[in-house]
Amino acid sequence: MNGAESLVRTLVASGVEVCFTNPGTSEMHFVAALDKVDGMRAVLGLFEGAVTGMADGYGRMAEKPAATLLHLGPGLSNGLANLHNARRAATPIVNIVGDHATYHAQYDAPLASDIQGFARPVSGWIHSSPSPKTVAADGARAVQAARAAPGQIATLILPADTAWLDADGPAPALPVQGPAPVSSQAIDGAAEALKSGRRSVILIRGEALKKRGLVAAGRIAAKTGVRIMCDTFAPRLQRGAGVVAVERIPYFAEQIVDTFKDVETLILVGAKPPVSFFAYPGKPSWCTPEGCDIRYLAHAHEDGVAALEALADALGAPKEPALVAPLNKPELPTGRLDQFSAGQIIAHYLPEHAIISDEAATSGLGAQIATATANPHDHLSLTGGSIGQGLPLATGAAIACPDRKIVCLHGDGGAMYTLQALWTQAREKLDVVNVIYANRSYAILNIELARVGAGNPGPKALSMLDLHNPELNWTSLAHGMGVEAVRVETVEDFADAFASAVKAKGPRLIEVMI
Ligand SMILES: Cc1ncc(C[n+]2csc(CCOP(=O)(O)OP(=O)(O)O)c2C)c(N)n1
């Protein structure tokens, strides 16, 4: 058995079942090993930004890591933006990067580069395997590192000779470090603060944004009236009918300041204090009022769910949570097709337990409002602000959850970054409805241009934010990658197209002209 096979066997033994790849010559032994080992699904992406985004979507939904397989420094670099988003989401990923054979490094061949230098900023763990005898053990350590709570990117660099030389065999799986228990002082402190009657918010991120944590938060709200909030861009949020509703922090700094203006106590569960996404001249970056008592109930690596349950019990909260969203699907709208009518149509037809991958940018509010009382679903968002995440995220989520409908809501500008994910959706026959909001604009940047006070924009500046010349044609782009697609310009046509896409199996794309 060679090193590559010992690594693949180790990954499978450690619970890694999917490898998202875009390989090259130095990864050929790993690719060949995929046929020798049962239990590893290999998924090809035609650009590394799509590959890493898929690994993120998979990890968020499967709650365990996929592996990537990337081609030396340049392949890794192409994938960095979505690894940045995955790092922000604390998604577990075993990020495997091929390298030249160890003895080849001295010749500085064209593809040689500082792989560790590229990988370091996004990796919580990084290691270059020095020998075929250690690569299996290194693989087991990489999985262990990726899964350590709350989840992180573990980069394993695989020199080509490490992969092709003889190995000793696979390594056994290593124990996973789950979330750390929260101290009783933290729970007592939060209970005291909430009992004081001060105006309070519990801000949640991570595992506690799923049903169990939300029930505990809703019980605390039932007892104390505390507001339950989440970040603007939470990695994964369960919401919809029957789920405790969470207020989402708005995007712009002054809106955040306004949201928190009366808040006297902020209790953090896996979250950080809210700050503005960018700095703007004359506007605050720090968004909580002076004197606000900020306390951590649970840090990101700690057990936020158990902490919320312990806090609810310490407060003597009732069993039944407050704030549970009712089922209230909007009627089908008439009139103009815009993000609000489109959102109502999406909410009307959204199947139970759908997964929404949301990179809708300025078109996102409509669906966000309308789906609050739609069928229960998971919502995944753009965690690191690096656009071009939504399509691959949806694709990876579809591989993690083959029995659930995936709905990807995307701005046309962001979608152009990683549209190769559509090809993977077609090849793997994934059940994704891709809704492209075709406003032919970098609309958010038109807003930002005014907000940063850059003066009166001239035609050159405005043309940098405009996507009309030439017109994108999303139905052609989708057809070119094997995905059925339709363009809609009216609410009736969108309702028909969305209803039929939801009913059908397999990938579809709807280009919504707004
Ligand atoms: C990797 C990366 N490059 C550039 C940007 C800057 N940027 C932010 S939003 C945006 C345009 C988004 O356009 P679109 O997806 O069409 O959404 P819209 O703003 O039109 O609603 C750009 C270029 C970014 N956030 N990330």
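When a residue number appears, it is its place in the shown sequence, counting from 1. Whatever order the structure lists ligands and atoms in, that order sets their numbers, starting from 1.
- Between His127 and Trp125, the two ring planes are tilted [angle within 30° to 60°].
- By the 30° and 60° cut-offs, the orientation of the rings of Phe233 relative to Tyr251 is perpendicular.
- With hydrogens left out, the protein atom closest to atom 25 (N) of ligand 1 is Gly385 O, 2.9 Å, a heavy atom.
- Under 4.0 Å from ligand 1, the heavy atoms of Tyr417 that appear belong solely to its side chain.
- When the shell of 6.0 Å around CZ of Arg451 is examined, it contains more than 12 heavy atoms from other residues, nucleotides or ligands.
- Among all non-hydrogen protein atoms, the one lying nearest atom 17 (O) of ligand 1 is Ala361 CB, 3.3 Å.
- A cation-pi arrangement, defined by a distance under 6.0 Å to the six-membered ring centre and an angle within 45 degrees of its axis, is absent between Arg508 and Phe498.
- Taking only non-hydrogen atoms, the option from Tyr442, Tyr437, Phe277 nearest to atom 11 (C) of ligand 1 is Tyr442.
- Proximity to Asp412 (heavy-atom distance under 4.0 Å) selects the following atoms of ligand 1: 16 (O).
- Contact atoms of ligand 1 toward Ala443: 18 (P), 19 (O), 20 (O) (distance under 4.0 Å to a heavy atom of the residue).
- A donor-acceptor pair is defined here as one N or O able to donate and one able to accept, closer than 3.5 Å; no such pair exists between the side chain of Arg487 and the backbone of Met513.
- Of the possible polar contacts, none joining the Arg440 side chain to the His468 backbone as a donor-acceptor pair under 3.5 Å is found.
- In this structure, Ser441 counts as a contact residue of ligand 1, since one of its heavy atoms falls inside 4.0 Å of the ligand.
- The nearest heavy-atom contact from the protein to atom 1 (C) of ligand 1 is Ser386 OG, 3.4 Å.
- Nearest to atom 9 (S) of ligand 1 among the protein's heavy atoms is Ile444 CG2, 3.2 Å.
- Looking only at heavy atoms of the protein, atom 8 (C) of ligand 1 is closest to Leu445 CD2, 4.0 Å.
- In this structure, a donor-acceptor pair under 3.5 Å is absent between the side chains of Asp358 and Ser381.
- Ligand 1 places these atoms under 4.0 Å from at least one heavy atom of Asn439: 18 (P), 20 (O), 21 (O).
- Residue, atom and distance of the protein heavy atom nearest to atom 26 (N) of ligand 1 are Ile387 N, 3.3 Å.
- No more than 12 heavy atoms of other residues, nucleotides or ligands lie within 6.0 Å of CD in Glu331, so this atom counts as exposed by the packing criterion.
- More than 12 heavy atoms of other residues, nucleotides or ligands sit less than 6.0 Å from atom CD of Glu63.
- For atom 21 (O) of ligand 1, the closest non-hydrogen atom on the protein side is Thr362 OG1, 2.4 Å.
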*In sequence, state the C-alpha distance, the side-chain angles, and the governing distance for Leu382 and Asn85, and then conclude on side-chain contact (heavy atoms from CB on, under 4.5 Å).*
CA-CA 7 Å; Leu382 176 60; Asn85 285 323; 3.7 Å; yes
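- At a 4.0 Å heavy-atom cut-off, ligand 1 does not touch Leu467 at all.
- Closest to atom 14 (P) of ligand 1, if we only count protein heavy atoms, is Gly413 N, 3.5 Å.
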